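One structure is given below, encoded as structure tokens.
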Amino acid sequence: MLWTLVIPLKPLARAKSRLSDTAAGGLRPGLALAFAQDTVAAALACPAVRDVAVVTDDALAARELSALGARIVPDEPQGGLNAALAHGTTVVRTARPESPVAALNADLPALRTPELFRVLEAAAEFPRAFLADAAAIGTTLLAAGPGQELLPAFGPDSRARHAASSAVELPLDAVDSVRQDVDTGADLRTALALGVGPHTAAVAAGLLTPGS
């Protein structure tokens, strides 16, 4: 099964506000873009991924991520994360109605292609499935097979809300890079310890080191 990944990305100037204790305001947009670049690059390298659609209205992010090979979908609803994901899924399925789609967070800078492959292969066994984040409260990936609605419910306590929507939680181990989203300085330190991609490594150089 070849998946289309839908990745939402808010305008970089408003992204990653919870990193304010770690990175000054001028650095946060660059970090958010670097996270997305490393996420998209790792996703596009996955054999289970047909293509990646990034839903964003940020011009810089659109330019940089399209250069990596992502399709850019303007965030026409401008109604927040779940509205962006629903819109992106609709756009993708206008061309390929039966395409399996998976929503993936844009802030997975340590994402490893083999681990993403394992998650998507596991998700293919169910109509809808999701992967909880490292904190076991949120969600980093929500998948919907051919003909299935995505029904995204991201945000606070999304793990519980996705489970309540009849999506199957994937009980996988050794996929830490797919679970490790970055919202705080502690998250960034953990991602650095896992090993981030080159874009994040370049921006974070001198800002944090693993174990600092």
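Note that this is a predicted model, so its numbers are computed, not measured. Side chains are part of it too, since the values below use all heavy atoms of this structure and drop only hydrogens, waters and symmetry mates.
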Closest non-hydrogen atom pair, [X] against [Y]:
X      : Y      : value
Arg93  : Pro100 : NH2-CA, 4.3 Å
Leu172 : Ala122 : CD1-CB, 4.0 Å
Ala43  : Leu5   : CB-CD1, 3.6 Å
Ala70  : Leu44  : N-CD1, 4.0 Å
Thr190 : Gln180 : CG2-OE1, 3.3 Å
Phe117 : Ala48  : CD1-CB, 3.7 Å

Main-chain N/O of [Y] paired to [X] side chain as donor or acceptor, under 3.5 Å:
X      : Y      : result
Ser99  : Arg96  : no
Asp157 : Ala160 : no
Ser177 : Arg112 : yes
Thr39  : Ala106 : yes

Hey, any chance [X] and [Y] share a hydrophobic cluster, counting ILVMFWY side chains that come within less than 4.5 Å of each other, even indirectly?
X      : Y      : result
Leu194 : Val196 : no
Ile137 : Leu104 : no
Leu31  : Leu60  : no
Val178 : Val52  : yes
Val54  : Leu81  : no

Between [Y] and [X], is there a side-chain heavy-atom distance shorter than 4.5 Å?
X      : Y      : result
Val119 : Leu141 : yes
Leu9   : Val55  : no
Val182 : Phe35  : yes
Arg161 : Pro156 : yes

Quick one: [atom1] on [X] to [atom2] on [Y], what's the gap to the nearest 0.5 Å?
X      : Y      : atom1 : atom2 : result
Leu33  : Leu12  : CG    : CG    : 5.5 Å
Leu170 : Glu125 : CG    : CD    : 10.0 Å
Leu131 : Thr140 : CG    : OG1   : 4.5 Å
Ile7   : Thr56  : CD1   : OG1   : 11.5 Å
Leu116 : Cys46  : CG    : SG    : 4.5 Å
Met1   : Arg50  : CE    : CZ    : 11.0 Å

Is it true that the side chains of Arg128 and Ser165 contain a donor and an acceptor less than 3.5 Å apart?
-> yes

Side chains of Thr4 and Asp51: is there a donor and an acceptor less than 3.5 Å apart?
-> yes

Between Asp38 and Thr200, does a side chain to side chain donor-acceptor pair (under 3.5 Å) hold up when you go through it step by step?
-> CA-CA 7 Å; Asp38 288 328; Thr200 302; 2.7 Å; yes

In sequence, state the C-alpha distance, the side-chain angles, and the governing distance for Leu65 and Ile72, and then conclude on side chain to side chain contact (heavy atoms under 4.5 Å, CB included).
-> CA-CA 8 Å; Leu65 297 174; Ile72 304 302; 4.2 Å; yes

What orientation do His162 and Phe154 show, parallel under 30°, tilted 30 to 60°, or perpendicular over 60°?
-> perpendicular

Only counting residues at least two apart or in another chain, list the ones meeting ring-ring contact (aromatic ring centres under 6.0 Å, His included) with Phe126.
-> none

Neighbour count >12 (heavy atoms, 6.0 Å) for atom CD, Glu149 |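 No, the 6.0 Å shell around CD holds no more than 12 heavy atoms from other groups.
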
Begin with the C-alpha distance, continue with both residues' side-chain angles, and end with the deciding distance and a verdict on salt bridge (charged side-chain N to carboxylate O under 4.0 Å, His left out) for Arg159 and Asp133.
-> CA-CA 8 Å; Arg159 179 188 184 186; Asp133 65 8; over 6 Å; no

Identify which one of Leu85, Leu142, Leu150 satisfies the side chain to side chain contact (heavy atoms under 4.5 Å, CB included) criterion when paired with Val6.
-> Leu85

